[in-house]
Amino acid sequence: MTESFQESYIKARKAYIESRFLHLNPMQRRAVMQTEGPVLVLAGAGSGKTTVLINRIYNLLEYGCATDSEEIPYNASEEMLHELIVHGERADEYASLHPVFPWQILAITFTNKAASELKDRLKKLLGDEADELWACTFHSACVRILRRDADRIGYTGSFTIYDSADSQSLIKRILKDFNLDEKYYPPRTIINMISRAKDARVTPDIYLQNAKSSFDQYRQKTGEIYKEYIHRLHMADAMDFDDLLLNTVLLLEEFEDVRDYWQQRFRYVLIDEYQDTNLLQYQFSALMAGRRNNICVVGDDDQSIYKFRGATIENILSFEKQYPGCRTIRLEQNYRSTGIILDAANAVISNNTERKGKKLWTDKEPGEKIILTVADNEREEAQQIASQILAGYGKGKNWHDYAVLYRKNAQSNAIEFALKRNGIPYRIFGGTRFFDRAEVKDILAYMCVVASPQDDLRLERIINVPPRGIGSKSVEAAINVAAENNCSLYEILSTADEYEELSRSAMKMRQFSGMIRKFQLFSEVNSIDLLFDEIIEKTGYIHVLEEKNTIENNTRIENIRELKSTILNFMEESDDASLNAYLANVALYTDLDNYERDASAVTLMTMHASKGLEFPHVFIAGMEETIFPGIQAIGESEEMEEERRLCYVAITRAMKTLELLCAKERMIFGRTVANKVSRFVEEIPEEDITKNIPKGYSWRERCENSYQYIKNEKEYDIFYSTKRSANHYSAFSISGVKQNSDSETLILAVGDRVKHRSFQEGVVTKMTPMGNDFLLEIDFSGIGSKKLMLRAASRYMEKI
DNA sequence: CGCACCACAATTTTT
DNA sequence: TTGTGGTGCG
């Protein structure tokens, strides 16, 4: 076989495969065909990222590494070459080189929704073969890996998963047992701190050591909580979200055979939304890609909006350094939006400094201008949206062509109300999630306890729900006994009459544990939907709700019915319909997964939730300083950049039209405030925008008389230093707001020392005007920085 | 023990 | 304005 034959074979093969991907643009095609080694795909919004992922996987399965290899089949012949050149019948076969089996591919996404969309699209392309492929989230991938070998690291294979609400109640429980005040140790803050520690791989012991050497009492306490938290999770055979990642990484690092197994298995690793990965997720990816280093990450640094939960943009910025020889591909052609929308998005994001730099372009028409509407208040803002949608619907648009995006969930109220009044069907995402509703959690808690009775946390939740006469005193006593005997609460309940201190409710406790026992036996021979029915029936849960025929109770019953339908759904779709499998699935399930693109309804969601979605017509409500960008970002350049990225994400959701709205005044916490129009609006080029502003309204004028608008850190500093030198004016005379007659609001300035009723002494480090009030940041010695509203906090503070 | 009412505090985004 | 957590009474 001559060398030139080999060359022409490779060439023909490549040309042939290329011809199979002609529906892609050249950059996309490169991303599909560079199969070997590390690849970084910087994919702008709407640049066909998912298409690339799908086609890349298709290419791997169909042609293996043929497009990125010098190797030719050992039996390559002139005939085969000819077949390739003329695209003959057997060309497909001859072009293929070491095709990949579906189970050798690991494709990681961030949301279940993205994962199932990937799967669905692959299924359409490949048929049932796609089922073998791992297209899942980090968390579910970790669960699968852990289920197999959890015993190596001290868990059983059927460990339970705690969602964030579970973690929070566990923290609260610990605080109680430690006799610590939730005010000093807000559970949320503690959870955040633990989460960060885990991500940085700081163990409780290291954490405590650090705290001790720096004589930090507060950190020492939180360290103890951290330690206890881990301990209790372990006792309950439970892992929280972070543990899933951490333990997987530990497992892979520690056990060579386990690592080998997975590295051997997965020839190709693909990671979506790489800009949102945290340290652990990076380590996980690196471990899985292992020796072959066939890792392809797809992401967009401009769309990194989850820094607050530990995502480090560094991962994507430094990918090229971490993987020398990496090949970088930029996808900048946008297939989603009109020229004007892209122009606006580019203009806004260009105000950020920390980015790789990328400019979206399109060959589409410029399209319609962006509209800015200034409404009188949030009610009118919502009404504007409703009217526009109604008008569009009248012209033949579908409800699902519309989306309303906002910064925070609280904004949805007014919009919901307006849509309701106008009879517009809508779907809302976020807010209290379905699986966070009390009734849903209750029923699931029953199922958890049936699956693993040592789950004290869930047991405690349902021990008296519905009421069965085991009050908090009795529960407390039983918990104490359990702690003394170092065993689970369930064990104590089932042997309650052996303990004197439980004599009063022993009967009821035994009845309860007997019922759980019966459920366990029941579930051994029955499917989960029947177990569900049995639990509802025997606990009388729905029955109790039915007794009071209130709207609330009816919606609760609805929710429980809905839960049943998710169970049935799960049983249909999953090949492992065991109780454990269901519970694991449920913990990782979010509302967004319910999202149906074609449901005939307007979509309401936060900008965060909208990532990855697209809509022909988009409204963004609340384009005001202090809302978007949020108050917390003003004056903080890093956070401001994140807000701006969020704005970029929101703008690029729109395909055809985009309307921005703001209100002259709006109610926040029962108070009317006037905000300045968002700086992001001003960053959009004049020529892209049509301003729909009431006569005689000038936001520029407003801004001069209002402290709602603080442009950057410098101005901010000047603002406060002037205030300070002005010798302690009342906050309210400063902001030009009438002082309350009964007000005993403190007169404060940055630098003042205060004494708070519960937090003791602290120093005011920051004052931010907010509505008719000020947001104070006070650094309390030992506790750290706290944010308080001046008006409210004045009653508990004095100046010292 | 359970329910109703009151007081207070708090404001972001979520796999 | 909203939600939560604590208290006091039946």
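Throughout, a chain's letter reflects where its sequence line sits, starting with A, and its residues are numbered from 1.
For A:Asn278, the side-chain contact (heavy atoms from CB on, under 4.5 Å) test picks out A:Asp199, A:Leu280, A:Gln281, with sequence neighbours left out. Applying the ring-ring contact (aromatic ring centres under 6.0 Å, His included) test to A:Tyr162 and every residue at least two apart in sequence or in another chain returns nothing. Every residue meeting the side-chain contact (heavy atoms from CB on, under 4.5 Å) condition with A:Asp442, not counting sequence neighbours, appears here in chain and number order: A:Arg461, A:Val465, A:Tyr541. Every side-chain contact (heavy atoms from CB on, under 4.5 Å) that A:Ala165 has, sequence neighbours left out, goes to A:Asp163, A:Asp436, A:Lys441. Qualifying ring-ring contact (aromatic ring centres under 6.0 Å, His included) partners for A:His608, counting only residues two or more places apart in sequence or in other chains: A:Tyr306, A:Phe308. Residues satisfying the side-chain hydrogen bond (donor to acceptor under 3.5 Å, both in side chains) criterion with A:Glu476, sequence neighbours excluded, are A:Arg173. Scored by the ring-ring contact (aromatic ring centres under 6.0 Å, His included) test, A:Phe570 finds A:Tyr582 as partners (sequence neighbours excluded).
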Could you go over nucleotides 1-4 of chain B and give all protein N or O partners under 3.5 Å, atom names and distances?
residue, atom, partner, partner atom, Å
B:dC1, OP1, A:Gly471, N, 2.6
B:dC1, OP1, A:Ser474, OG, 3.0
B:dG2, OP1, A:Asn464, ND2, 3.3
B:dG2, OP2, A:Asn464, ND2, 3.2

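The side chain of A:Ala609 lies closest to B:dT14 when the candidates are B:dT14, B:dT12, B:dT15. Here the nucleotide nearest the side chain of A:Thr111, chosen from B:dT13, B:dT15, B:dT12, is B:dT15. The side chain of A:Gln632 approaches B:dT12 more closely than any other nucleotide in the set B:dT12, B:dT15, B:dT14.
Atom CZ in A:Arg188 sits about 7 Å away from atom P in B:dT12, given to the nearest Å. Counting to the nearest Å, the C1' atom of B:dT15 and the CD1 atom of A:Ile271 are 15 Å from each other. In this structure, CG of A:Leu588 is placed 11 Å from P of B:dT15, rounded to the nearest angstrom. Rounded to whole angstrom, the span from the CG atom of A:Leu405 across to the P atom of B:dT13 amounts to 14 Å. One atom, CZ of A:Phe138, and another, P of B:dT15, lie 15 Å apart when rounded to the nearest Å. When the P atom of B:dT13 is taken as reference, atom CD1 of A:Ile305 falls 13 Å away, rounded to whole Å. As a whole-Å value, the separation of A:Leu646 CG from B:dT13 C1' is 8 Å. One atom, CG of A:Asn409, and another, C1' of B:dT12, lie 9 Å apart when rounded to the nearest Å.
The base of B:dT13 does not come close enough to the side chain of A:Arg309 for any donor and acceptor atom to sit less than 3.5 Å apart.
Within 6.0 Å of CZ in A:Arg510 there are 12 or fewer heavy atoms belonging to other residues, nucleotides or ligands. Around atom CZ of A:Arg188, no more than 12 heavy atoms belonging to other residues, nucleotides or ligands sit under 6.0 Å away. By the 6.0 Å contact criterion, CZ on A:Arg147 is enclosed, its count of non-hydrogen atoms from other residues, nucleotides or ligands being greater than 12.
Comparing A:Glu639 and A:His139 along DNA chain B, the residue whose closest nucleotide (by nearest heavy atom) sits nearer the 5' end is A:Glu639.
Note that the first and last nucleotides of DNA chain C, 5' to 3', having any atom under 4.0 angstrom from a heavy atom of chain A are C:dT1 to C:dG5.
Side-chain N/O atoms of A:Thr606 include one lying less than 4.0 angstrom from OP1 or OP2 on B:dT14.
The aromatic ring of A:Phe308 is stacked on the base of B:dT13, with the two ring centres less than 5.5 Å apart and the planes inclined by under 30°.
A:Lys508 comes within contact range of no nucleotide atom at all, as no heavy-atom separation falls under 4.0 Å.
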